[in-house]
Amino acid sequence: MAVETLTFGCRLNAYEAEVMKVEAEKAGLDNAIIINTCAVTAEAVRQARQAVRKARRDNPAARIIVTGCAAQTEARSFGEMAEVDLVIGNHDKMQAASYAPMVFGTPLNDKVQVNDIMSVRETAGHLIEGMDGRTRAFVQVQNGCDHRCTFCIIPFGRGPSRSVPMGLVVEQVKKLVGNGYGEVVLTGVDITSYGPDLPGAPTLGKLTQSILRHVPDLPRLRISSIDSIEADEALYDAVASEHRLMPHMHLSLQSGDDMILKRMKRRHSRADALAIMAKLRALRPDMVFGADIIAGFPTEDAAMFANTLAIVSEADLTHLHVFPYSPRQGTPAARMPQVSQTVARDRARQLRAVGAAQFRALCASRVGQIEQVLIEHDGLGRSEQFVPVSVPGAQPGTLLAVRVTGVARDGLVGEAVRDAA
């Protein structure tokens, strides 16, 4: 076995896993498993610990390395696990020197190689050739977060907001397109905060326009989760004018109730979120929205939850990521009056059910339409609106015009009409 990676959590982690594999192999590491953890919920941390134990059981001779956000925020507890050989912080995990074989077999204080993430001020642009087995590639444009939402531990795992220079992002996109990738997804921790730390203070919208201008052969560009209140006018212009920018936005919404949003220390109101979605739909009528929503946040009563449940239908949200609230030690929300886990889980179930109904309605509305579908594997692909589409016999990596013939359990079924190109 050479170097294997096991990744939890966000799209940024998926991108970083490719960088870590390259850097570890560059350092001469082999017979190793790198577990890239997530800390967004207590459940995510529990799953990471479970994965560490399983990796050791299945690979008794391998070196087990733990990194990522949970390793950054709970470094010593991972270091105390007998199954773990090395714990590396979120900044150092991207550097070959962190994987040098000489660092193994050291006492606990040396076994845990985690520095102060708050002191990091730059994010390097790492050029990768591609992502294993994918036709869609993620490109990091930003890392860290300067906001302090009361429920979130991630700023302490990722550090302050910092941006990758525009030229390096464009170069990475060019490389991926040259290697045959049909879609690139811009990712980061808080990507709408992109740019103020760079010369000229570019914005996410300016970066998007630059990529589309300088990489004319890029078929599809997608933007990952955004904080809608930070969206800039250049981004709106790109949505309106550039068909290669996909009509699917995922919003960091979190709640549909104003009091809960205030207690979360979010910077948008319910009305703000609805207005931003209406503006984007006016610019691009085929735009669809997903959203992150927390169910059962501390102090959330039935009326507050009803506001959140209602916004799913009111805003026609079709791609939901719903999380029952999970207290994270060290965050202000963990000290607020808690909603019972039973209630939180039930509210999450209700939100998912409404979201699933919205998604089925979206799918039903596409029957008979021609969709542009990028095939990923086994005859399965994604439409421009990020809906899964089954096209039997279609080859991975092809971009096809597909006539939708029906609705499947998790998306659409169709038949190829012609190559989309």
Side-chain angles (χ1 to χ4, degrees), residues 142 145-152 161 186 188-196 201-209 221-243 245-295 297 300 303-323 347 351 354-355 357-359 361-362 365 384-387:
Q142 181 272 344
C145 184
D146 291 336
H147 309 306
R148 292 296 180 267
C149 297
T150 59
F151 56 84
C152 189
S161 180
L186 304 185
V189 175
D190 179 26
I191 66 172
T192 33
S193 69
Y194 177 86
T203 61
L204 177 63
K206 293 292 185 184
L207 173 64
T208 300
Q209 292 175 332
L221 181 65
R222 201 177 291 277
I223 293 174
S224 65
S225 181
I226 65 170
D227 192 344
S228 57
I229 201 70
E230 292 182 321
D232 63 287
E233 286 304 317
L235 184 59
Y236 288 120
D237 290 344
V239 167
S241 63
E242 182 51 76
H243 72 278
L245 181 60
M246 295 295 95
H248 165 244
M249 292 280 180
H250 193 84
L251 309 180
S252 181
L253 180 64
Q254 309 306 347
S255 176
D257 181 80
D258 282 338
M259 181 57 71
I260 292 298
L261 287 168
K262 287 180 180 179
R263 289 172 180 166
M264 288 178 166
K265 208 175 178 181
R266 301 295 294 165
R267 290 166 301 136
H268 67 269
S269 66
R270 189 180 203 277
D272 290 334
L274 289 169
I276 288 163
M277 285 185 272
K279 180 175 181 177
L280 286 165
R281 282 197 174 104
L283 296 172
R284 190 81 173 264
D286 59 343
M287 180 71 72
V288 300
F289 294 97
D292 294 328
I293 299 179
I294 296 174
F297 184 80
E300 182 186 72
M304 294 168 178
F305 172 67
N307 286 334
T308 295
L309 195 63
I311 203 172
V312 177
S313 300
E314 190 174 345
D316 194 14
L317 301 175
T318 51
H319 300 71
L320 293 190
H321 289 171
V322 178
F323 307 90
R347 289 176 180 175
L351 284 164
V354 174
Q358 296 286 127
F359 179 73
L362 170 65
S365 73
E384 292 184 339
Q385 295 170 316
F386 207 62
V387 176

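Side-chain atoms are counted along with the backbone in the values below, which use heavy atoms only and exclude waters and symmetry mates. Keep in mind it's a predicted model, so treat the numbers as computed, not measured.
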Engineer: Any donor-acceptor pair under 3.5 Å linking the side chain of S224 with the backbone of L186?
Structural biologist: yes
Engineer: Hey, mind stepping through R263 and M304 against side-chain contact (heavy atoms from CB on, under 4.5 Å) and telling me if it holds?
Structural biologist: CA-CA 12 Å; R263 289 172 180 166; M304 294 168 178; 3.8 Å; yes
Engineer: Say whether, by atom type as modelled, one donor and one acceptor occur between the side chain of T192 and the main chain of I226 under 3.5 angstrom.
Structural biologist: no
Engineer: Which distance, rounded to the nearest 0.5 Å, do you find between the CG of L274 and the CG of L253?
Structural biologist: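 Output value for this atom pair is 8.5 Å.
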Engineer: Compare every heavy atom of V239 with every heavy atom of R284, then report the nearest pair and how far apart it is.
Structural biologist: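 That would be NH1-O, 3.5 Å.
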Engineer: Under a 3.5 Å distance rule, please check whether R266 uses its side chain to pair with a backbone N or O of S255 as donor and acceptor.
Structural biologist: no
Engineer: Could you measure the distance from the SG atom of C149 to the CG atom of D227? Nearest 0.5 Å is fine.
Structural biologist: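 Reported to 0.5 Å precision, the distance equals 7.5 Å.
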Engineer: Just jot down the side chain to side chain contact (heavy atoms under 4.5 Å, CB included) partners of S365, sequence neighbours excluded, or say none.
Structural biologist: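 Scan of S365 (side chain to side chain contact (heavy atoms under 4.5 Å, CB included), adjacent residues dropped) gives L362.
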Engineer: Could you check whether any side-chain heavy atom of V288 comes within less than 4.5 Å of a side-chain heavy atom of F386, counting everything from C-beta outward?
Structural biologist: no
Engineer: Could you state the interatomic distance from CD1 (I311) to CG (L317), rounded to the nearest 0.5 Å?
Structural biologist: 7.0 Å
Engineer: Can you confirm whether R281 sits close enough to D316 that some side-chain heavy atom of one is under 4.5 Å from a side-chain heavy atom of the other?
Structural biologist: yes
Engineer: Nearest 0.5 Å, what's the CG-CD distance between D190 and Q142?
Structural biologist: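 Answer for the CG-CD pair, D190 versus Q142, is 5.5 Å.
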Engineer: Closest heavy-atom contact between V354 and S313?
Structural biologist: CG1-OG, 3.7 Å
Engineer: Between D257 (side chain only) and N307 (backbone N and O only), is there a donor and an acceptor less than 3.5 Å apart?
Structural biologist: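 No: the side chain of D257 does not pair with the backbone of N307.
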Engineer: Considering all heavy atoms of both residues, which atom of L351 and which atom of A295 are nearest to each other, and what is their separation?
Structural biologist: CD1-CB, 3.9 Å
Engineer: For L283 and Y236, which heavy atoms make the closest approach, and how far apart are they?
Structural biologist: CD1-O, 3.6 Å
Engineer: Under a 4.5 Å cut-off applied to non-hydrogen side-chain atoms, are P247 and E384 in contact?
Structural biologist: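 With C-beta onward as the side chain, the pair touches.
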Engineer: How far apart are the C-alpha atoms of F359 and L320, what are their side-chain angles, what is the distance that settles it, and do they pass the side-chain contact (heavy atoms from CB on, under 4.5 Å) test?
Structural biologist: CA-CA 9 Å; F359 179 73; L320 293 190; over 6 Å; no
Engineer: Give, for atom OG of S252 and atom CD1 of I191, the distance between the pair rounded to the nearest 0.5 Å.
Structural biologist: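 Separation between the atoms: 11.0 Å.
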Engineer: Would you call E230 and R267 a salt bridge, taking side-chain N to carboxylate O under 4.0 Å as the test?
Structural biologist: yes
Engineer: Might you point out which heavy atoms bring D237 and S241 nearest each other, and give the distance in Å?
Structural biologist: O-OG, 2.8 Å
Engineer: Fit a plane to each ring of H319 and H248, take the angle between them on a 0 to 90° scale, and name the class: parallel (under 30°), tilted (30 to 60°) or perpendicular (over 60°).
Structural biologist: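 H319 and H248: tilted rings.
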Engineer: I need the minimum non-hydrogen distance between A238 and T208, along with the two atoms involved.
Structural biologist: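 Shortest heavy-atom separation between A238 and T208 comes out as CB-CG2, 4.1 Å.
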Engineer: With a 4.5 Å heavy-atom cut-off, do R270 and E314 have their side chains touching?
Structural biologist: yes
Engineer: Does the side chain of F297 come within less than 4.5 Å of T150's, by heavy atoms?
Structural biologist: yes
Engineer: Could you walk me through whether T308 and I260 pass the side-chain contact (heavy atoms from CB on, under 4.5 Å) test, one step at a time?
Structural biologist: CA-CA 10 Å; T308 295; I260 292 298; over 6 Å; no
Engineer: Let me confirm one number: the CG-CG distance from L280 to L251, rounded to the nearest 0.5 Å.
Structural biologist: 8.0 Å
Engineer: Can you find a heavy atom in the side chain of M264 that is under 4.5 Å from one in the side chain of I294?
Structural biologist: yes
Engineer: Do L221 and E242 have side chains that approach each other closer than 4.5 Å (heavy atoms only, starting at C-beta)?
Structural biologist: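 When only atoms from C-beta onward are counted, E242 and L221 do not touch, as no gap falls below 4.5 Å.
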Engineer: Is the shortest heavy-atom distance from the side chain of D146 to the side chain of S161 under 4.5 Å?
Structural biologist: yes
